[in-house]
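Before any comments, here is the structure.
Scope of the values below: all heavy atoms of this structure, side chains included, with no hydrogens, waters or symmetry mates. Convention: sequence-line order gives letters A, B, ...; per-chain numbering from 1. This one's a predicted model, so the numbers in the text were calculated from it and none came from an experiment.
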Amino acid sequence: MSEHNPPPSLSFMGQLPEDLGMAHLAAIVTSSDDAIISKTLDGIITSWNNAAERLFGYTAAEAIGQPILLLIPEDRLQEEPAIVERLKKGERIDHFETQRITKNRRLLDISLTISPVKDSTGKIIGASKIARDITGQKEAERIIRENEEKFRMAVESTQLGTWEYNPLTGQLVWSDECRKIYDVPAGLPISFALFEEYIFPDDRLVVQQAFQQALDPAGNGAFDIQYRIIRYSDRQPRWVWAQGKVYFGRNNTALRFIGTILDITDDRMAKEELERLVEERTAELKNSNTELEQYAYIASHDLQEPLRKIITFTELLKDNLHDAGAVEKYYEKINYTARRMSAFIKDVLNYSRLLQVDTLQDTVHLNNVVQDVLTDFELLIEQSHAAVTITNLPVIKGDGQQLRQLFGNLFSNSLKFCEGVPEISITATILGTSDPANPAPLSGVPFVQIVFTDNGIGFEQQFAEQIFVAFKRLNNRQLYSGTGIGMALVKKIVERHGGTIRAVSEPGKGTSFFILLPIH
Amino acid sequence: MFNDKVCFLIDDDFDDQELFELAVKKANPAIRCVFASDGDEAVKKLTREESFSPDFIFLDLNMPRMDGKTCLRAIRKISRLDNIPVIIYSTSNEVKDKLETKAMGANDYLEKPTNMTVLTNRLADIFNQ
């Protein structure tokens, strides 16, 4: 305090206990952590304590006698007249948060309490200001505000709903995002009963159990569960992931239960779709592995067999060169076995080509395909006096060469496994999308059912599946020629065209093949 | 004694039947061969003809209608054949087939050889056991 400018008497002095003298009071002011400044009504600084010096950077000598405007930033100069006006009316200004400027031009956030100072007659002669630096507090508030904003943005961007349940009152509060997940109309009051009602019935018990477990003071208060809700607007089930935490007070009383909720339906769907795809691919791989195993078996067995015979017959031929009959016989056997082996290799190759994946997009006139096949078998049909009847066949999308092979193998099969005069018929029926016999009515694709019937030797129905397995033969290879691949090829071709094939047969009565093919 | 011995070959391949019979005759002319062309035919013959009691059964694996393994299982269920040796006679040289058939009750495994002398010698060994 400046000696030449003694502090004005403070109006509250009269209320102080008598033992607090002037010196004592001055000591309190001096040692206060808050800046305490007094000024005249004209705004001239009349006292300046140590804390004011620390806060604003001016010494008492520099500040006293200077206008208070020294401390006010330019954009806040209008605050002073307003303050003075209120002081003149004898009003006190409490915790006015503003900004002041230091000697080195640094802006401070401060909280001001300003009281009028009266003389002994009660006339207002000035003011005392207590300024507290709240820059740190303001900074902390700003950080909190920013963090809250960041959190809100993060929550919004993740579409994470938040909720708070009061275990004491039973009140439940949902964030906007939470309401969006349930798709409840604006203004609909949220209650715990509503929350419970919109849990998918099958999941209700498990959610209730998890809820109770979280509220159990013996546990850790954690809540973490994926379950289904029923969306309010369309009553569609949706998958959600809810997480939360219960806060316990004294006596283990649950005070707050807060948490988040996230709609994970799309993730679940994607995951399920992925699992389905993986399963499908695994099944495909298994199939392809089985086929590869079959090939390994062919290499070790089916191809070994004719070779072994050729070697044995060659040896026998050599041992019996003096016997013309034996030479002729073994020569024939060697020749026949070698031819069979050649046919077999060709069929294996054809079959393996069908395992390759490519699109079948040619427009194929099945009438033309069957006519081509009939031309191929012309001689055989003529020799066996076979009767062939064919109804009109449709046009489909596919691979013409493969379809020719399909009908070729069926004809070859029927002509081969026949003991009398062969009778072969081919009929076609279009199955519309609403036809109950259509195997895939939902796909909106019409199918054609082709029935290929013969009057051959047939087989017992129990072998109906076996005939389509590659390298399985129902009949003795010496009685009926063939490689055991023909019908497997037929099935593979049908499947590659998105169709199915089944056989119905009876020994001695003939066989019917029912082929379903999509007409794209 | 040998006049009574019967060797039952179950094999769908007529060439193999013929070659087998040639080798059997060389190995022991007193043994007679009986054939079945697949497992189904063989099992029917063994179950329906009680008087048919072969001394050796040779069984191919890859056959139509009923394969060798299914046939072996069926044979091993016929109690009167408990002491009759069943010898697998196959082109397959897979260890898996050898182990599986042994576990199913096959007594021996004879891989179809390319050499008639080898086959004759192997058969002679089996007949003398």
* Under the side chain to side chain contact (heavy atoms under 4.5 Å, CB included) test, which residues partner S342(A), sequence neighbours left out? -> none
* Asked: Can we say D15(B) and R308(A) salt-bridge, meaning some charged N sits less than 4.0 Å from an Asp/Glu carboxylate O?
  -> no
* To do: Could you pull out all residues at least two apart from E279(A) that satisfy side-chain hydrogen bond (donor to acceptor under 3.5 Å, both in side chains)?
  => none
* Asked: With sequence neighbours excluded, what pairs up with E378(A) under the side-chain hydrogen bond (donor to acceptor under 3.5 Å, both in side chains) test?
  -> none
* Structure fact -> Note: vs chain B, highest number of non-hydrogen pairs under 4.5 angstrom among T312(A), T337(A), L316(A) is T312(A)
More than 12 foreign heavy atoms under 6.0 Å from [atom1] of [X]: is that the case here?
{"X": "K25(B)", "atom1": "NZ", "answer": "no"}
{"X": "K26(B)", "atom1": "NZ", "answer": "no"}
{"X": "Q401(A)", "atom1": "CD", "answer": "no"}
{"X": "R339(A)", "atom1": "CZ", "answer": "no"}
{"X": "F514(A)", "atom1": "CZ", "answer": "yes"}
{"X": "R48(B)", "atom1": "CZ", "answer": "no"}

* To the nearest 0.5 Å, tell me how far D13(B) CG sits from K309(A) NZ. => 3.0 Å
* Looking at OG of S92(B) and CD of E305(A), how far apart are the two atoms once the value is rounded to the nearest 0.5 Å? -> 10.5 Å
* Engaged part of I310(A) at the chain B interface, taking heavy atoms whose separation is under 4.5 Å -> neither
* Asked: What part of E18(B) lies closer than 4.5 angstrom to a heavy atom of chain A: side chain, backbone, both or neither?
  -> side chain
* Structure fact -> For residues 99-119 of chain B against chain A, heavy atoms under 4.5 Å, the residues are K112(B), P113(B), T114(B), N115(B), M116(B), T117(B)
